[in-house]
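Below, chains carry the letters A, B, ... as their sequence lines are ordered, and counting in each starts from 1.
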Amino acid sequence: MTDLLPQNIHDALAAKAIEHLHPREMIIEVLRAIQDHRGWVPDEGVELAGQILGLTPLQIEEIATFYDKIYRQPVGKRVIHVCDSIACWSRGAENLYLYLQETLGISPGETTQDGTFTLLPTCCLGLCGEAPAMMIGLKAYGRLTRERIDEILATERAEAGA
Amino acid sequence: MSDFAIDILLILVKLGLIFAVLLTGAAYLVLAERRVLGRIQRRYGPNRVGPFGMMQPLADAVKLLTKEDFIPAQADKPIFFVAPGLAAVTALLAFAVVPFSPPITLFGREVPMVVCDLNIGVLYFLGLSSLAVYGIALGGWASNSKYALLGGIRGLAQLISYELAMGLSLVPVVLMAGSFSLTDIVLAQNPVPFALLNPVAFLVFLISTAAESKRIPFDIPEAENELVAGFHTEYSGMRFGLFFVGEYINMMILGSMITVFFLGGWIGPVLPPIVWFFAKVMAVAFVFIWMRGTLPRLRYDQLMHFGWKFLIPVSLINVIVTGALLLWLKG
Amino acid sequence: MPILTIDNQQIEVLKGTNVLEAAKGLGIVIPHFCYHEALGAVGACRLCAMNFVEGPVKGIQMACMIEAKDEMVITTTDQASQEMRARVIEWLMMYHPHDCPVCDEGGECQLQDMTIAGGHDIRRYGGKKRTYSNQDLGPFICHEMNRCIQCYRCVRTYQDYCGGTDFGVLGTNQRVYFGRFRDGRLESPFSGNIVDACPTGVFTDRTFRYRTRYWDIEEAPSVCPHCSLGCAVIPGGRFRELQRVRGGVNKQTNGFFICDRARFGGGYGNHPERPRVPRVDGAQTTWPEALRALRKRITDLVARHGPGAVAFLGSPRASLEANYLLDSWAASLGSRRIAFDSHWQHDRSARVAAGKLGPRAASLEDIRCSDFILMIGVDPLNEAPMLALAVRQAVRRGVRLAVIDPRPVTLPCAAAHLPLAPEALPDVLEALAGGDIRRLGRREAVLLEGILEQLRAAERPVLIGGPDLLGAAGIERLLDTARLLASEHRPCKVMTVLAGPNSFGCGVLARQGPDFEAILNGMLAGEIKALVCLESDPMTGSSDPARTGMALGKLELLAALDYLPTAAAHHAHLFLPTTAVPESAGVYVNNEGRMLLFSSAMDPGTPISVSGGGDHPPRTFLPATPGSEPRPAWATLGHLQGRRLSLRDIRQAIEMEHPNFAGLSSLTTGGEGKRIADISPPPETAPEIPFPHSEGEGTLRLYAMEDFAGSGELAGYASALAPLRPTPFVMLGALDAKQRSLSDGQQVRLRSELGGVGVALRVVPDLPAGIALVPRLRGTALESYVPGRGHYDCQILSEDEEKT
Amino acid sequence: MAEGIDVYKRRYGQNPKSLWRDLKGTVEPFYVTLRNMFKKPVTYQYPEEKRTPYPRYRARIVLTRDPEGGERCVACYLCSAACPVDCISMQSSEDENGRRYAAWFRINFSRCIYCGLCAEACPTLAIQMTPFYEFSGRDPLKMVYEKEDLLIADGGKDNEYNFYKHAGIGVANPRGGNEDEYGPVDVRSNLP
């Protein structure tokens, strides 16, 4: 269990779940906690969340498979979500997406060999004003260019390596 | 042995011969009809029993004899039993007056080749051919079936309608021959048959005989698509067979009559007279079969219309014209 | 009441009806998937497009989402809406596989019908198709996700309506997947309903897998015989075998759905040992011979010992007609010794319900529409599963539900559970009726105050009770409570769960007659020489199997009419085979007194799968159908009395004799049935059941309880239910377990007056102290623990203790 | 008689050609039938002379196999539903690969009218009609053919077709492995 969730966080979540009138509302919170700790949510993570919240694994899984920011498959240390919605696309996101694939040497959904980056497309990030945009972890980057991407990747790689 | 006894013996021999010839003739006429119809429809017809299907009549007889003789529950039994016989017998009787060859000399006696050369042969024939309808009418009545009854009634109506035309078409023949005896009529046609001398009478007679014998296109009494099988709907087995035989004997008799009245009977060159006679009868039978293979059945109203409004006036006119002509020629 | 015009026809509908339903009322059926009368409209499939020409809304709209309003003018046949429907069905069909020939739904597939009805007859999409991997959903349901069209009906049925939590919808976008978290059996006892709900072949009945096409199956509207609720079912047979059961529609009882016991528990009629030939003294014989023998032996006994020497036992699973004829046979012989249920407590409870329930009886629909529910001494999921579902529908609307029961009553919905020992239940009822609440413990008193308060505030409260723990006296008290709580303006309805599908009818017929206990005494005393059992097995049915066995041994003649290979049928001197429910017609009176007609779906006979030995059927021509000897019990009973009666005659005779059943002969199959008229004289007050308190150190009061699939007489013979039968276990409160230092899951030894059995222990946190519970499981050592008998004194020891 | 003449007037008065047409119509058929009498009959003298039926002739029914040699019949009951004389009966079953097949399949040829509706209904091309028509017997039970009697080791009229390669339920190929399918969807994929 400890490799899924540290005991203290587990206990805190469990205590909160008992207080909660509708523990279902905490599903994302618990899944994010597991994901923050483990990097992604394995099947055992879903079951653990169920245990904490008093729900069946399926009820957790319904939510977990619905949101694309909850990873049900292993990912790298940093997950790049590239926006492929219309606003970004009209500002050349498609090319940047291809550039990212080229630079990282992976296709969408894959993880780089060193396990640093996973590249995923996503629908709107809400950053249409700064299109084209992408998000790494919880950090959003707008007004992307090739140079900026190189820069960001370098920084992130350095941070991830540290 | 007295002449009388010999006469009786000869008559019996002739009767036997005629019976045998007529019955086998009728049986083979059935076969011939089926074969000819088959060929008209580009089939073979029955050809499985014996060579060329020659044994088919025998097989048919065996089949008919072994079939169940079915009698409807509410049938008038005596009449039901008698009717088919009546149909066959009246047909047979008519042949008594048919001369099929000139008298031949046998053991120094002149033997007339006719069972009975009545001097009112024509009237006898007309009478018997009308009687033939009794079998049909009674059979239809006795079956207690609406189809059979309708068939019988139609048969009666049809006979009455065409008997008239038939009789009237014979008047010119009698006028021309000057006799009621069939032998005399035959002799009167040497060398030119009446068919050529009076084609109108010939045609009217031909049509009327077809109607008399209920042949297609005049088979209204047994019209299958309306009346199932008409007057013999309820008959089965040999009783049905008797109706059948009666019909084909009738065909032979009428063929003989046509031969006698219009085709010059036995008269013909080279071949012996009896062969000529049979050849002519067979030719007429062929025409009947041919007609069956060609023409569709008339509607009932058309039949009546044709008989009353066409044939009778035509034959009446023909009587007048022939009489006038004969008077003019002789006068 | 709005009046609207659809396709130039006017219709007036109830307020709140949607336009799709309104059109259906006119006979205009527009293709639709997601809308289901029980599940409601969600407007997801986009198929029921209609053109709204005039009225509050205009244009092409989804008819199921729009409430019928006055002055609406709608067309369904115009080009625009037709084209819309054709396009939508084409999209839905885009990924649909090409496997109708190997799909069990083929022929009764709504998708097939709607595709054709929607005007999509040729596939234009030539690209690749999306596929899915399937899950193993257990022994009842087959999964084939490729056929899915994402109508969400399964989830709405399983989660929303039935309250299942282990099946749902996963993924998003093009990957929407309907399934479980992992492979495994669907846990809800109502899981089979997704087979009926799925409009295509994603979920199919595994027990019916690849057996028969819809057009070959013989079906007829029938009534489920597994419990007393009288749910409408549609059994289907082919090749002389009951192959499946579908849910029927009866809005007053089950609504649209049925439980898994009803759906998969139909195999009792196909039991390989089912006796199908009459037997005299163990030897098979012909019908005339058997009937003659039975008549002769009974006349002889009557002549020798008087009519009292012959006793009769009817059955709550036999039709009303058969029970009535048994009664009239007994009367014609002059014997007054007839009982209709071998279980004394069930018999008495049914009589109380039949005599006193009257207009206060709640139907399942009343429960669905109620606004407060109190369940006392009833365990719906095990005793009457569809009751649990009805209760859930009320709870879904926000209705409060209180459960007072010692058992850990599991429900597909939230409930306030007050676990009280069975002995306390009469006190509770008394307290509810206005008695002294303080007799109970403090905690209980507080909770009960709350319940009482809500009960008084509710407008349409319903009390629900069962006979197993309350007993006849308790049921009577429950009815009194309801009477006291009700006022002229505020009804307080009651539902009493009874033992069998026709318990109520038997209760009416039994009136003041003797019960089986009296007959048993007569048999033991030697006064009764013969017993005729109609579709009942006193050996397992009575509350004391051992005593019954002894009494049966003393009989000179035991005659049995049955379709099950019961012990009584096996030991009977004279046996006459009868037809099972799907093979016969008749009437059941359900627990609220509703007369429900069932009709025969198929003829009896040895299934081809049996006579053919699994291979192709034998290549012979027989004049008779093999194994077709069973005759309806009513026909046999009529014959035995020398009367040639049709069902109609019998029903008219019943109406004449018992005016309660007025309207019986005018019932039609497939309808909602008809409540019996309440004009029977109230029965004598049932004797009090003493609840003796146990003495002695370490002695527990052991109560037997019903099990969903293991307890019912019919369910016990249905092989398909085997996966649902638990292994024997005993339930013990946490405190008692701790005292004995036993833990959950441990193998323990259960010792009682019936002997010792090794079972698994289940520790239940809030079971009252001093109480242990066992499920009655047929075919196991726990078979002889009969629910509703009172308690057994027992001891629970760990295996080691037992050895020492 | 005057009335009779009126009839002829009414009928032929307007168009004298009609009379000619009627006469011709009565006489000409005699020529037609006479001419036919001398043509060769079309009849085949069956037991001696046998005719070769066309490949699509509808006679004895067979069950064919797919190119891999598996039974094509999936026991979908469509043939028995289509059969107007109810001469086909079967029981479907499932083998260990999930393939639906007929546990037993029976055609009662003494009832069959060779209408071909079964072959037309068959979605997998399993049931096919053959031109083998010399097919009769005296014992009705011997005309009841079981699956073993009906199965042939051939694909019949379309040798290439294999239903399971198109059905998309993973019997002939793994699920999603047919050429017109994507591989199975992964619900837990991170890709949206």
Would you say that more than 12 heavy atoms from the other residues, nucleotides or ligands in this model lie under 6.0 Å from the [atom1] of [X], or not?
X: D:Arg35; atom1: CZ; result: yes
X: D:Lys24; atom1: NZ; result: no
X: D:Tyr31; atom1: OH; result: no
X: C:Tyr214; atom1: OH; result: no
X: D:Arg56; atom1: CZ; result: no
X: D:Glu120; atom1: CD; result: no

- Item | Check against side-chain contact (heavy atoms from CB on, under 4.5 Å), D:Phe163 and C:Val102 | CA-CA 10 Å; D:Phe163 167 77; C:Val102 294; 3.8 Å; yes
Quick check for you: to the nearest 0.5 Å, what is the distance between [X] atom [atom1] and [Y] atom [atom2]?
X: D:Ser89; Y: C:Asp216; atom1: OG; atom2: CG; answer: 10.0 Å
X: D:Ser93; Y: C:Arg211; atom1: OG; atom2: CZ; answer: 10.0 Å
X: D:Ser92; Y: C:Arg209; atom1: OG; atom2: CZ; answer: 10.0 Å
X: C:Phe239; Y: D:Gln91; atom1: CZ; atom2: CD; answer: 6.0 Å
X: D:Lys165; Y: C:His98; atom1: NZ; atom2: NE2; answer: 14.0 Å

- Full working for side-chain contact (heavy atoms from CB on, under 4.5 Å) between C:Arg147 and D:Ile169: CA-CA 9 Å; C:Arg147 297 172 186 147; D:Ile169 55 160; 4.3 Å; yes
Does a salt bridge link [X] with [Y], judged by any charged N lying under 4.0 Å from a carboxylate O?
X: C:Glu144; Y: D:Arg175; result: yes
X: D:Arg100; Y: C:Asp99; result: no
X: D:Glu181; Y: C:Arg130; result: no

- Query: Picking from C:Pro101, C:Gly106, C:Gly179, C:Gly127, which has the most non-hydrogen pairs under 4.5 angstrom with chain D?
  - Reply: C:Pro101
- Message: Quick check on the interface: out of C:Tyr132, C:Tyr177, C:Tyr95, who has the most heavy-atom pairs with chain D under 4.5 Å?
- Response: C:Tyr132
- Item | Heavy-atom contact with chain C under 4.5 Å, split by part of D:Asp186 |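 The backbone, not the side chain.
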- Message: In the structure I gave you, are the side-chain heavy atoms of C:Trp215 and D:Leu78 within less than 4.5 Å of one another anywhere?
- Response: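 Yes, close enough: below the 4.5 Å cut-off.
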- Polar side-chain atom of C:Thr131 near backbone of D:Tyr182 as donor-acceptor pair, under 3.5 Å: yes
Only pairs of heavy atoms separated by less than 4.5 Å count here; which of [options] has the most with chain C?
options: D:Ser189, D:Gly170, D:Ala102, D:Ala75; value: D:Ser189
options: D:Lys147, D:Glu94, D:His166; value: D:Glu94
options: D:Tyr77, D:Phe105, D:Tyr164; value: D:Tyr77

- Under 4.5 Å to a heavy atom of chain D? For C:Asn134 that would be both
- Could you look at C:Asn173 and say if it's the side chain, the backbone, both or neither that has a heavy atom under 4.5 Å from chain D? side chain
- Item | Verdict with reasoning, D:Arg188 to C:Arg175, per side-chain contact (heavy atoms from CB on, under 4.5 Å) | CA-CA 9 Å; D:Arg188 299 185 168 94; C:Arg175 291 178 281 134; over 6 Å; no
- Message: side-chain contact (heavy atoms from CB on, under 4.5 Å) for D:Glu179 and C:Lys128? Distances and angles first, verdict last.
- Response: CA-CA 8 Å; D:Glu179 53 187 44; C:Lys128 289 189 165 196; over 6 Å; no
- Please report the shortest heavy-atom distance between C:Tyr210 and D:Gly98, naming the atom on each side. OH-O, 4.2 Å
